[in-house]
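What's counted below: heavy atoms across the whole structure, side chains too, no hydrogens, waters or symmetry copies. Only a predicted model underlies this, so the values are computations on that prediction, with no experimental measurement involved.
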Amino acid sequence: MRFDEILTNDDVLDGLWDMHFDECTPIQERTIPPVLEGRDILACAQTGTGKTAAYLLPVINELAEGGFPENAVNCVVMAPTRELAQQIDRQLQGFAYFMPVSSIAIYGGTDGYTYDQQRKSLKMGADVVIATPGRLLAHLSMGYVDLSKVSYFILDEADRMLDMGFYDDIMQIYSHLPKEVQVLMFSATMPPKIQQMASKILKNPFEVKLAVSKPAEKIKQSVYICYETQKMPILKKVFQDNPPSRVIVFSGSKLKVKNLAREFKKFPFKVAEMHSDLDQTQRDNVMLDFKAGKTQVIIATDILARGIDIDDIEMVINYDVPHEPEDYVHRIGRTARADRDGRAITFVSPEENFRLRKIEKLLEKPIEREVIPEEFGETPQLKEQKSGKSGRRNSRGVSSGGNRRRGGKKDAPKPESKSADTKKKPSDTAENKNGQQQNATDRPKSSKRRNRRRNNHSATSSVSANPSTSEAEVTK
């Protein structure tokens, strides 16, 4: 379905036209019409499918049509991290390019000047407030924020916010909203606690579930079964065979990220680290250099696992297996965005093998095993988990055997099937970029842009997209 078939405001359509966005992704096609009808939404779809545009576009379409209070907050968007809040704000500015819709990103870790700017915007009534829960509550406690006229309350990455312990904060913010507020809840996974919150704040919601907890099909996934000491030598070999241009390496702790960053300094390319010990300015500089191509590799904790929208990340490497299967989906979802190809490599030590089993259970399929060259020495030989009487698994993730007797001879573990990896070149497609905003008088009138848009596109019939297909996420 095309955007001009479901959105009504010409200024919104002109902004999408100039950003070269014409067709909806499945999540947008399924959610935008009920949002415009005033329905509450509970939407779940895999990362990279366009959830941000699915809630921003109908909201700014309605704001553009008018009828909302002036000098008041009309929409509140909750985000788990400052990086995601900033990204949503940038996307909103792109979509509302030709519209007088004001917005402000509210998050912590700023200086006094930024805090004062946030305070002034909240007092004056920005149309759309994108905020992290803790910082918005801090402003609310000062008594100058009025949320009594809010028409839309949106939770983005709701599962992540609950994982971070924001449930009470969200419910406290919700208590300041009018009872008739329209609530839109978007998430990449649907754990029971999301259902519990939805039952408390959603009113007869329209539910959309597309490929829940599954990564995009265009991601080539593989694992290296190796000892912990073999991970770095194998990773060096991977980078020698495929010099990185835009890669994220995930690790389980900020201490390990720092250690890996020191080790990576020996590589002939620019490396940066991302973790919670960096202040906001340092984080911003890391992301700007990464997007500009000045940095080829970022070594990060799960702070980058969600909400970071860079279209052409060629590879994601899990140096450590994530603790939760859903975190694996979010990590590798940083690649293969906007309908591009991508690659995800995971290093699995014997101690982490049980986590791999949980991931494969979630994916409902095994992940391809990479062949490790003999030059790296002997590798772990782990038994595949069998159904039925397969025996218990020990702490190292190795099956203990179902009928083993005390003192009996142990069977030698059988190696897992392995297949060679096929190298893929990263996509050369460049990121879409928007130019600087011009004065409205310097640009063609809306009617001319509208005619130009319609003349350059032939009418197409509405088609139903495959829900399991990973579609391009609409980004600035």
If we ignore hydrogens and angles and just use 3.5 Å, is the side chain of [X] paired with the main-chain N or O of [Y] as donor and acceptor?
X    : Y    : answer
E360 : I367 : yes
S121 : Q117 : yes
Q282 : D279 : yes
E314 : S245 : yes
N61  : N9   : yes
K203 : Q182 : no
S102 : D127 : yes
Q28  : T25  : yes
R246 : K291 : yes
E364 : K361 : no

Out of curiosity, [X] [atom1] to [Y] [atom2], how far, rounded to the nearest 0.5 Å?
X    : Y    : atom1 : atom2 : value
C75  : L147 : SG    : CG    : 11.0 Å
E29  : I6   : CD    : CD1   : 7.0 Å
L155 : L202 : CG    : CG    : 8.0 Å
D341 : T335 : CG    : OG1   : 8.5 Å
T52  : L92  : OG1   : CG    : 11.0 Å
E207 : D40  : CD    : CG    : 11.0 Å

Whether [Y] and [X] form a salt bridge (side-chain N of Lys/Arg under 4.0 Å from carboxylate O of Asp/Glu) is what I want to check.
X    : Y    : value
K258 : D277 : yes
K193 : D163 : yes
K220 : E368 : yes

Validation row: [X], [Y] side chains within 4.5 angstrom (heavy atoms):
X    : Y    : answer
I248 : I317 : no
D284 : M287 : no
T301 : F250 : no
I41  : V183 : no
I106 : I130 : no
V297 : V249 : yes
T132 : P80  : no
L162 : M197 : yes

Between [Y] and [X], do the side chains contain a donor N or O and an acceptor N or O under 3.5 Å apart?
X    : Y    : value
Q93  : D89  : yes
D156 : Y55  : yes
Y328 : Q221 : yes

Taking all non-hydrogen atoms of both residues into account, name the closest pair between [X] and [Y] and its distance.
X    : Y    : answer
I27  : A54  : O-CB, 4.2 Å
L42  : Q195 : CD2-OE1, 4.1 Å
P34  : F206 : CG-CD2, 3.7 Å
I332 : A344 : CG2-CB, 3.5 Å
E62  : L36  : OE2-CD2, 3.5 Å
V150 : V181 : O-CG2, 3.7 Å

Give the intermediate values and the outcome of side chain to side chain contact (heavy atoms under 4.5 Å, CB included) for residues K149 and F68.
CA-CA 9 Å; K149 299 179 182 178; F68 292 85; over 6 Å; no
Using a 6.0 Å cut-off, check whether atom CE of M171 has over 12 heavy atoms from anything other than its own residue.
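Buried by this count: over 12 neighbours within 6.0 Å.
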Before giving the answer on ring-ring contact (aromatic ring centres under 6.0 Å, His included), spell out for F239 and F269 the whole-Å C-alpha distance, their side-chain angles and the decisive distance to 0.1 Å.
CA-CA 10 Å; F239 282 159; F269 43 77; 5.5 Å; yes
Check side-chain hydrogen bond (donor to acceptor under 3.5 Å, both in side chains) between S151 and all other residues, then give those that pass, not counting sequence neighbours.
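Residues passing side-chain hydrogen bond (donor to acceptor under 3.5 Å, both in side chains) with S151: none at all.
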Determine whether M185 and I201 satisfy the following criterion, side chain to side chain contact (heavy atoms under 4.5 Å, CB included), listing intermediate values before the conclusion.
CA-CA 10 Å; M185 184 182 293; I201 68 175; 3.6 Å; yes
Using the ring of each side chain (for Trp, its six-membered ring), is H139 parallel, tilted or perpendicular to Y115, with breaks at 30° and 60°?
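The arrangement is parallel - the two ring planes meet at less than 30°.
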E326 vs D159, test: side chain to side chain contact (heavy atoms under 4.5 Å, CB included). Steps then yes/no.
CA-CA 10 Å; E326 288 81 5; D159 53 347; 6.0 Å; no
With D320, which of K256, R355, R331 fulfils salt bridge (Lys or Arg N to Asp or Glu O under 4.0 Å)?
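The residue from K256, R355, R331 that satisfies salt bridge (Lys or Arg N to Asp or Glu O under 4.0 Å) with D320 turns out to be K256.
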Walk me through it: do F21 and F3 pass the test ring-ring contact (aromatic ring centres under 6.0 Å, His included)?
CA-CA 8 Å; F21 297 133; F3 285 114; 7.6 Å; no
Side chain to side chain contact (heavy atoms under 4.5 Å, CB included) evaluation trace for F290 with L288
CA-CA 5 Å; F290 191 57; L288 287 173; over 6 Å; no
Partners of S276 by side-chain contact (heavy atoms from CB on, under 4.5 Å), sequence neighbours excluded?
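Checked S276 against side-chain contact (heavy atoms from CB on, under 4.5 Å); matches are K254, R283.
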Can you list every pair that meets salt bridge (Lys or Arg N to Asp or Glu O under 4.0 Å) and has a residue in residues 110-122, with sequence neighbours left out?
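Checked against salt bridge (Lys or Arg N to Asp or Glu O under 4.0 Å) - neighbours excluded - the pairs reaching residues 110-122 are D116-R119, D116-K120.
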